[in-house]
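Following: one structure in structure tokens, then a few remarks.
Just so it is clear, the model here is predicted, and its values are computed rather than measured. Residue numbering restarts at 1 for every chain, and letters A, B, ... go by the order of the sequence lines.
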Amino acid sequence: MLAGIERIDEVEWEVPIGYVPGMRVPGRFFLSEDLSETLEVGAVQQLANVAVLPGIVRYSLAMPDIHSGYGFPIGGVAAFEQETGVISPGGVGYDINCGVRLIATPLTPDDIKNPRALIEALFTTVPTGVGAESEMRISPHDLEEIMVEGVNWAVAAGYGTENDAAHCEEGGKMPNANAAPVSKKACQRGMPQAGTLGSGNHFLEIQAVDAVFDNEAAQTFGLSAGQICFMVHCGSRGLGHQICTDHLRTLESATRRYGIEIPDRQLACAPVHSPEGEAYFGAMAAAANYAWVNRQVITHQVRTVLNRMYGIDYEEMPLVYDVAHNVAKMERHNTDKGRQTLCVHRKGATRAFGPGCPEVPQDYRAVGQPVIIPGSMGSASYVLHGTNTAMEKTFGSTCHGAGRVMSRTKAKKATPGSEVRKDLLKQGIIVRATSDASIAEEAPDAYKESYKVVDVVRRAGLSLPVVRLRPIGVIKG
DNA sequence: ATGTTC
């Protein structure tokens, strides 16, 4: 383990006050000794820097998929008081409400006689890649409704089934979303992109449940051994990116104006209830709602293909759940001061609320919130459930995925994409992407192994495994 | 992540 870090428990570590000047609370992160080789000094420094921000509660936290990001580390969780605390775009990331959803089907692997044909049909139907545009015609008025109503817009417009909204975190609609602080430029970028996958680590995957760790929880979530599922990983595309860019600029000047001292310019922030902070929060919530619509429309595209190819009814392909892993939300948590509403930033971290929480859909409440952890390309994904330990230790949060260990540029030089594609095919995994270059960037070697990350949160008790899903086919931008 | 160096 790196110097200056103290061991708290088997997989829990503390970055003490004083690691960087001005820390108000310690840092805490979760990591196994095995994964400690991957820990970057820069990411720990970022974790400590976040502890300098005003109004931070208890700890600056990070999950085992920690790596350096813009200002805040990816894998980071930070909660701020309403009255004294701040909100920061760096704590959310550029891809606002990047998230993952899982769609169940009644199919088994044997039902898919020609996986290549299914993958081609999906690749043709779901627009993918940088700058991909949808065939949907979204008017400026539609976009405004999308940003305010979230997934409810999509369901009302015919892109969903009855239970879809209830199975999204936050009901697929952030309250207090505001289209007013969303720039015209952001709207222009967002309008043609609703229902598109994007690029980078975003994907649409055909998976099969190949291990069940908790029968009862799996049954509650509607999952069983051998079942074919579809996983969608994407976010708010150019809209969220533009909102982040726009508001970083206004918050940089706000940081100075409010006299907030920050150790890194990338931690630009404003008081939660300042005009600038509220403008960012409203616009961020609007982008979050757009991202839920985006994943919902892609879900509809997947269901349409499956209905056409296999004659399955839309109602037989329920949404298991949809999680947001890049977002800031106002949430009630127990603190030293009693029960408080906090502005919880999760950047590359997943909400993992425990059993009994009213925020968990009624049909899942006894088990806890489903947590969806996508694997890197070609590696397994997991469904876990939230716990009371997460509520106590991490403001109800857990990891979000494998986590990079190699930069995009480094990965591109390491192995040609064509070779990665052939290697995966040997393992029985079909990859369909817009280019071999994008496959190289996302090579499995560029990521931590997802099971190691999942095992840390299991050992820490932050969330517990329900099923494992192995990939059969991957569609990438 | 991203009209991938506005």
Side-chain angles (χ1 to χ4, degrees), chain A residues 43 46 65-76 88-101 127-134 138 143 182-204 232-250 252 265-266 283-284 286-288 290-292 294-295 298 323-328 345-350 374 376-377 400-413 417 433-443 446-447 475-477:
Chain A
Q46 289 184 329
D65 41 351
I66 180 172
H67 56 288
S68 12
Y70 183 92
F72 288 57
I74 295 161
S88 172
V92 172
Y94 273 91
D95 192 5
I96 296 164
N97 191 3
C98 183
V100 204
R101 62 166 54 190
T128 61
V130 174
E133 297 198 352
S134 167
I138 297 294
L143 183 64
V182 178
S183 69
K184 194 175 174 185
K185 194 174 178 183
C187 291
Q188 280 170 343
R189 287 180 70 176
M191 220 139 28
Q193 293 185 329
T196 64
L197 196 60
S199 67
N201 65 0
H202 290 166
F203 65 76
L204 163 62
V232 179
H233 180 203
C234 66
S236 51
R237 309 285 283 107
L239 179 101
H241 193 274
Q242 190 63 45
I243 287 171
C244 183
T245 304
D246 293 341
H247 285 263
L248 271 172
R249 199 173 56 226
T250 63
E252 272 179 19
R265 201 183 143 184
Q266 296 185 348
M284 179 216 60
Y290 175 93
W292 272 308
N294 195 26
R295 294 196 284 276
I298 292 170
V323 299
H325 56 220
N326 277 12
V327 81
H345 296 60
R346 294 191 183 90
K347 180 192 193 175
T350 310
S376 55
M377 186 169 58
H400 88 305
R404 263 192 186 279
V405 288
M406 206 187 282
S407 71
R408 289 175 193 282
T409 33
K410 202 176 162 197
K412 264 192 278 196
K413 285 174 193 162
T434 42
S435 75
D436 278 342
S438 68
I439 297 178
E441 285 185 16
E442 296 301 318
Y447 286 87
I475 283 140
K476 294 198 71 77

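- Taking atom CD of A:Q193 as the reference point, atom C1' of B:dT2 lies 9 Å away to the nearest angstrom.
- In this structure, OH of A:Y94 is placed 13 Å from C1' of B:dT5, rounded to the nearest angstrom.
- Closest to the side chain of A:K185, out of B:dC6, B:dT4, B:dT2, is B:dC6.
- For the pair A:E441 CD and B:dT2 P, the computed distance is 11 Å after rounding to whole Å.
- Nearest-nucleotide mapping onto DNA chain B: of A:K412 and A:D95, the residue sitting toward the 5' end is A:D95.
- At whole-Å resolution of the value, CD1 in A:I96 and P in B:dT2 are 12 Å apart.
- In this structure, A:R237 contributes its side chain and A:A194 its backbone to no donor-acceptor pair below 3.5 Å.
- A:E442 places its CD atom 17 Å from the P atom of B:dT4, with the value rounded to the nearest Å.
- A parallel orientation is assigned to the rings of A:H345 and A:F72, their planes being inclined by less than 30° (bins at 30° and 60°).
- Between A:A433 and A:I439, the shortest heavy-atom distance links the atoms CB-CG1, 3.7 Å.
- Heavy atoms of A:G235 sit nowhere under 4.0 angstrom from any nucleic acid atom.
- The nearest whole Å value for the distance from the NE2 atom in A:H202 to the C1' atom in B:dT4 is 14 Å.
- Note: A:H233 and A:H325 meet the aromatic proximity criterion, with ring centroids under 6.0 Å apart.
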Query - Step-by-step side chain to side chain contact (heavy atoms under 4.5 Å, CB included) determination, A:S236 to A:N97 - result: CA-CA 6 Å; A:S236 51; A:N97 191 3; 5.6 Å; no
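- Within the structure, every side-chain polar atom (N or O) of A:R408 is placed at least 4.0 Å from both OP1 and OP2 of B:dT4.
- At B:dT2, one or more side-chain N or O atoms of A:S199 fall inside 4.0 Å of OP1 or OP2 (strictly under the cut-off).
- The interatomic distance linking A:I243 (CD1) with B:dT2 (P) rounds to 14 Å, in whole Å.
- Residue contacts shown for A:Q188 are absent, as no nucleic acid heavy atom lies under 4.0 Å away.
- Rounded to whole Å, the distance from OH on A:Y70 to P on B:dT4 is 17 Å.
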